[in-house]
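Everything below concerns the one structure shown next.
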Amino acid sequence: MEFRNSLTILFSHIGYVLKIMVWIIISLIITAAVGAAILIPLWKVLATSTDAVMWAGELKDILTSVWNGTVNMRVAVFDLVPTAVSFVKTLTTNAGAFTGLVFALIFLYSLYSFVMGLSYYTIADIINKLMASNLRFGFASNMAMNFKKCCKYSFCRLLITLPIDLGCFVIGIFIAYGLFSVAGLFTFPIMLILVILFCSLRALLFSGWLPRTLYHPEERMYTSFSRAFTFVRTNLGGLFKAYFVTFSCVYLLASVLTVPTGGLILLVMPSIYYFLLRAVELVGYYKTKGYSFYLDGSTVVNTVEYGYRAPNQEECNTCEKPNCDGCPVDAGTKDEDVKETENTEADNTEIAE
């Protein structure tokens, strides 16, 4: 349900993909401008003190030969891996410049993640309004209106994702290098599956944060993050399958269309899956809460199962069972509904007296 409905929402509002792509380009330009000011001096130091230029030329020749089709992938891989290892070893001969290079790359990754992360809250808010009331909002105007929240969410998310990404990247490098010496070319399909699993689990970790933040703006960011697991855990299977299918489709499309489109698909695909990931988060939230939502201008999806529609659902919402399977809302919301019901009954009794 999550992936299918999210894909329908994507195609119903495909115009937002272009706006997200523009923001991706802006993020890349900002990162490249800052990166040029930092990396060029470091590269000059490494070029004069090591043989990095020679090995960089070797890497460039191998990649160019693959792109031109003069060598097959198998030959290129067995040339690329030892050349890359030699390139890194050459860089480490100048310990000071190499350390600066590593920290510069981490800083640039953090900068891009933060700038790109500013759009996450905006995208989610736009999709939420489309699903809840079929109202369209401009990308730039929404970001300007919620800029403080965008900055807060992006910064808080970065503090969590950066250690996870760095740790998994280092572990992945060692796993890939160890597997390559044993499995050869079979390393790539194994690593591909591991990367897709990691991306799916990473997306699952944050799947409830934005919806919770949108519907509970009074909460602190990390409070929303922790409380979001209340409803995410009830839909782990559906969300994980949606994320796994999403990242698998992204890889397949990118691998098939990169060469025919001259690499242009690498700009289009991120804008598509950024929208799709936010849509999956909100569809999962609506499903767990039992809310209806618009797929497009004329189609409304009712997420409540047929056995729990109107009268049964109302009875379930006022019960005192915190883990009632039939009630689509979480325990906190149920307690609030029970209190409201008790207060209403007390008021009616006073009026009757």
Side-chain angles (χ1 to χ4, degrees), residues 2-34 108-158 161 199 203 206-207 209-211 213-215 217 242-243 246-247 249-251 253-254 257-258 261-286 293-299:
E2 287 82 358
F3 179 76
R4 183 181 69 252
N5 289 334
S6 299
L7 199 62
T8 304
I9 294 172
L10 169 66
F11 286 120
S12 300
H13 308 284
I14 197 69
Y16 284 107
V17 171
L18 179 60
K19 299 176 182 179
I20 298 172
M21 187 171 66
V22 172
W23 185 253
I24 292 174
I25 295 173
I26 292 173
S27 303
L28 290 173
I29 291 174
I30 294 173
T31 307
V34 176
L108 292 176
Y109 175 75
S110 303
L111 177 63
Y112 173 79
S113 298
F114 175 77
V115 177
M116 189 62 220
L118 295 176
S119 66
Y120 294 170
Y121 188 95
T122 299
I123 299 169
D125 191 45
I126 289 173
I127 296 174
N128 181 52
K129 288 181 171 61
L130 289 171
M131 293 174 62
S133 55
N134 198 33
L135 294 176
R136 298 177 63 90
F137 281 78
F139 185 89
S141 60
N142 190 289
M143 179 176 287
M145 185 171 55
N146 298 304
F147 190 71
K148 184 178 179 180
K149 295 178 181 177
C150 293
C151 293
K152 190 183 297 184
Y153 174 79
S154 182
F155 181 74
C156 292
R157 182 186 174 99
L158 179 63
T161 57
C199 292
F206 300 102
S207 59
W209 194 358
L210 269 174
T213 303
L214 290 172
Y215 279 88
Y243 290 131
T246 299
F247 287 109
C249 292
V250 167
Y251 165 73
L253 290 174
L257 299 177
T258 297
T261 60
L264 183 62
I265 192 66
L266 298 179
L267 276 178
V268 178
M269 286 307 302
S271 57
I272 291 175
Y273 79 73
Y274 280 138
F275 186 97
L276 200 57
L277 290 179
R278 304 290 83 78
V280 169
E281 292 173 358
L282 284 160
V283 170
Y285 185 84
Y286 276 58
F293 60 88
Y294 285 91
L295 274 180
D296 51 42
S298 58
T299 307

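Position 1 is the first residue of the sequence, and the numbers go up from there.
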key: Pairwise side-chain contact, Phe275 with Ile9, heavy-atom cut-off 4.5 Å (strictly under)   = yes
ask   = Do Leu118 and Thr122 come within less than 4.5 Å of each other through their side chains, counting heavy atoms only?
value = no
request  = Taking all non-hydrogen atoms of both residues into account, name the closest pair between Ile30 and Val115 and its distance.
outcome  = CD1-CG1, 4.2 Å
Neighbour count >12 (heavy atoms, 6.0 Å) for atom NZ, Lys129 = yes
message = How long is the straight-line distance from CG of Leu282 back to CD1 of Ile127, given to the nearest 0.5 Å?
response = 6.0 Å
key: Minimum side-chain heavy-atom gap Ser207-Val280 below 4.5 Å   = no
ask   = Under 4.5 Å between any side-chain heavy atoms of Glu2 and Glu281, yes or no?
value = no
key: Close side-chain approach of Leu130 to Leu135, heavy-atom, < 4.5 Å   = no
query = Do you know which two heavy atoms are closest between Ala132 and Tyr286, and how far apart they sit?
reply = CB-OH, 3.4 Å
note = On a heavy-atom basis, the closest approach of Pro270 and Ile265 is CD-O, 4.2 Å
key: pair Asn128-Phe293: side-chain heavy atoms closer than 4.5 Å   = no
query = Do you know the tightest heavy-atom contact between Val17 and Ser271?
reply = CG1-OG, 3.3 Å
ask   = Hey, does Ile14 have a side-chain heavy atom less than 4.5 Å from the side chain of Ile272?
value = no
message = Rounded to the nearest 0.5 Å, what separates atom CZ in Phe114 from atom SG in Cys150?
response = 9.5 Å
inquiry  = Within this structure, what is the CG-CZ distance for the pair Leu10 and Phe3, rounded to the nearest 0.5 Å?
reply    = 9.0 Å
request  = Could you grab the distance from atom CG of Leu18 to atom CZ of Phe139, nearest 0.5 Å is fine?
outcome  = 11.0 Å
ask   = So, for Leu267 and Met21, which heavy atoms are closest and what is the spacing to 0.1 Å?
value = O-CG, 3.8 Å
ring-ring contact (aromatic ring centres under 6.0 Å, His included) partners for Tyr120, two or more places apart = Tyr274
note = The reported gap from CZ in Phe137 to OH in Tyr16 (rounded to nearest 0.5 angstrom) is 8.5 Å
inquiry  = Between Ser141 and Gly138 (side chain of the first, backbone of the second, donor and acceptor by atom type, cut-off under 3.5 Å), is there such a pair?
reply    = yes
remark   = In this structure, CE of Met143 is separated from CG of Asp125 (nearest 0.5 Å) by 11.0 Å
Asp296 (side chain) donor-acceptor with Thr299 (main chain) under 3.5 angstrom = yes
key: Where Ser113 and Ser154 come nearest, the two heavy atoms and their spacing   = O-OG, 3.9 Å
query = Heavy atoms, side chains only, cut-off 4.5 Å: are Lys149 and Asn146 in contact?
reply = yes
message = Tyr112 vs Ile24, test: side-chain contact (heavy atoms from CB on, under 4.5 Å). Steps then yes/no.
response = CA-CA 9 Å; Tyr112 173 79; Ile24 292 174; 4.0 Å; yes
inquiry  = Apply side-chain contact (heavy atoms from CB on, under 4.5 Å) to residues Ser110 and Leu158 and explain how you reach the verdict.
reply    = CA-CA 7 Å; Ser110 303; Leu158 179 63; 4.2 Å; yes
key: Aromatic ring proximity, centroids under 6.0 angstrom, Tyr285 and Tyr215   = yes
query = Can you name the ring-ring contact (aromatic ring centres under 6.0 Å, His included) partners of Tyr153, sequence neighbours left out?
reply = Trp209
